[in-house]
Structure formats: C-alpha cells, structure tokens
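In what follows, a single structure is set out as structure tokens and then discussed.
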Amino acid sequence: GYWNVPETDSLGGTPLNDCIIVSFDLVEKFKRLNNLEKVNAVYLTDGESSSTDAVVESDSEGKKWSKSIRFRYYGYLGDAGDTVESWMVDPITKINYPLKSRLDVTDGLLNALQDRLGINVIGFFIAPQRRDLQSAFRISGFDKWQDREMLKKLSSKFNKDQSVILDSKGYSNFIVVNGGDDLDTETSELAIDSDMKKGAMTTAFKKHQKAKSFNRVVLNKFVELIS
C-alpha cells in the first residue's frame with residue numbers, strides 16, 4: 001500500500017519568510033561581532049514565499065500557544081469569512097507593518113529587517129520560465145492588466161539582457177535573472193581549431209561571448225549595489 005507523508009513533515013514550498021525571520025538574529029550578530037557599519041543581506045529564491053499562517057498568542061496566565069489563521073492570497077480572513085485588517089509589529093522597533101495580502105508578509109519582514117538593523121536587502125529571483133517572470137512582476141506590485149504596456153517593455157528587456165531590475169516594496173534592490181543554462185558558472189573554453197570554417201568560428205565566438213556577457217552583466221549589477 002501507499003502512505004502519504006504527514007503534512008507537518010512535508011518539504012514542499014518556499015520558506016522565504018521563515019528564512020527572513022531567522023535572519024534577524026543571524027545578521028544582527030554578524031554585524032555586531034564584526035563591527036560593521038554597512039551590511040548587505042542577499043536572498044536568492046526561485047518563487048514567492050509560502051504562506052505564514054500561524055501566530056503565537058498568550059492566555060490570561062501568560063501561557064503561549066500557536067493559533068492558525070485562515071489565509072487567502074488577498075488577505076487574512078475573519079471568522080465570518082470577511083477580510084480583516086491585520087498588522088505585523090516589530091517588538092523591538094515597535095513599527096507597524098500593514099498586511100493586506102500574502103505578499104505583504106514578505107515585504108513587511110524585509111522592511112522590518114532593514115528598519116531594525118539599518119542594512120540593505122538585495123533579492124535575486126530566478127525566472128527560468130515565463131510564469132516565473134510573471135511571479136516576479138506580481139511581487140513588484142504590477143497589475144497584469146493595468147500595466148500591460150510596461151510589462152511588455154520589461155519582458156522585452158529581460159529577454160534581451162537575460163536580467164532586469166524591478167522596484168520592490170520590500171527589497172532595497174530586486175534583480176530578476178534567467179535560469180537554466182544561463183546560470184552555469186563554469187567558464188567554458190572557446191572551442192575553435194584551424195580546420196573550422198570562418199562561419200563556424202564566428203558562431204562559436206558569439207556563443208562564448210554571450211555566456212560571458214550575461215555573467216558580467218549580473219556581476220556588475222551586484223558589485224554596483226554592494227559598493
């Protein structure tokens with residue numbers, strides 16, 4: 001017979017929100033122990049974060065317990081099924097971050113991390129397929145209907161350069177890069193020999209330069225951001 005993996009043991013999803021939460025302590029310690037003034041935290045992901053749908057509450061005696069929250073893409077839902085106003089509060093800075101959609105949780109955590117620690121947060125989003133690029137546009141707050149002309153221009157730039165920088169409500173800088181073979185970090189040698197015809201040599205040279213050009217573009221963008 002077959003047995004399903006218990007839900008609590010499933011490894012599916014993208015735990016980006018969880019990673020950001022862990023970063024609060026890790027980055028604070030790294031910055032303090034190394035006596036650093038300028039810190040750049042870099043997150044590499046290939047998708048939107050899975051939902052963060054639980055909170056910890058305390059009863060009248062101070063005993064803490066976990067409570068699940070029903071959550072939909074466009075916001076938290078109350079018991080009656082209506083969308084309710086929600087906020088995330090940083091217990092250190094006391095800053096409130098409004099939550100109106102699932103993506104607001106990730107943006108709120110990223111903003112809280114920057115506000116508390118005074119750092120830059122850089123996001124690299126891997127988009128090997130069209131739907132991944134559409135996801136990146138959604139993260140940046142674009143509407144696929146109202147912003148159609150702008151999205152066409154950005155898609156064209158992405159297809160040409162294999163990367164594009166987008167605005168973000170959470171990241172200091174949000175860079176979308178193509179996936180697949182374009183992310184191969186191995187430096188291939190230029191494969192030509194004396195027996196090759198001129199056309200074949202030209203094709204081999206252009207292919208070699210294209211791979212180097214993409215790597216150089218992404219590297220230059222990253223160096224510019226952290227310098």
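Numbers here are sequence positions counted from 1.
Scanning all heavy atoms of the two residues, the minimum distance from Glu37 to Lys31 falls at O-CE, 4.0 Å. Of all heavy-atom pairs between Gly108 and Met88, the closest is C-CE, 3.3 Å. The two atoms that bring Asp104 and Pro98 nearest to each other are CB-O, 3.9 Å, heavy atoms only. Nearest approach of Ile119 to Ala41, heavy atoms of both residues: CD1-CB, 4.0 Å. Residue Thr45 comes nearest to Thr14 through the heavy atom pair OG1-CG2, 3.6 Å, listed as atom of the first residue, atom of the second, then distance. Shown here for Asp90 and Phe24, the closest heavy-atom pair between the two residues is OD2-CE2, 4.2 Å.
A heavy-atom distance below 4.5 Å is not found between the side chains of Val39 and Leu117. For the pair Val89 and Ile95, the minimum side-chain heavy-atom distance is 4.5 Å or more. Residues Gln129 and Ser135 form no side-chain contact, since every pair of their non-hydrogen atoms from C-beta on lies 4.5 Å or further apart. Within the 4.5 Å cutoff, the side chain of Ile122 has no heavy atoms near those of the Tyr171 side chain.
With rounding to the nearest 0.5 Å, the separation of CZ in Arg116 from NZ in Lys94 is 10.0 Å. Expressed to the nearest 0.5 Å, how far CD of Glu149 lies from NZ of Lys153 amounts to 7.5 Å. Summarising the geometry, atom CZ belonging to Phe124 is positioned 9.0 Å from atom CG belonging to Asn173; distances are rounded to the nearest 0.5 Å. Distance check, rounded to the nearest 0.5 Å: OG of Ser168 to CG of Asn111 gives 8.0 Å. Taken from CD in Gln114 to CG in Leu109, the straight-line distance is 11.5 Å, to the nearest 0.5 Å. Atom CZ of Phe158 sits about 4.0 Å away from atom CG of Asn178, to the nearest 0.5 Å.
Checking Asp167 against Ser140 by side-chain atom types alone, no donor-acceptor pair falls below 3.5 Å.
Linking ILVMFWY side-chain heavy atoms closer than 4.5 Å, directly or via other members, places Trp87 and Ile92 in two distinct hydrophobic clusters.
Within 6.0 Å of CZ on Arg130 lie no more than 12 heavy atoms contributed by other residues, nucleotides or ligands.
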**Request:** Decide side chain to side chain contact (heavy atoms under 4.5 Å, CB included) for Glu48 and Thr106; before the verdict, give the C-alpha distance in whole Å, the side-chain angles of both, and the deciding distance to 0.1 Å.
**Result:** CA-CA 9 Å; Glu48 303 172 18; Thr106 302; over 6 Å; no
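Checked against Phe30 for a side chain to side chain contact (heavy atoms under 4.5 Å, CB included), the options Asn34, Leu26, Leu33 give a single hit: Asn34.
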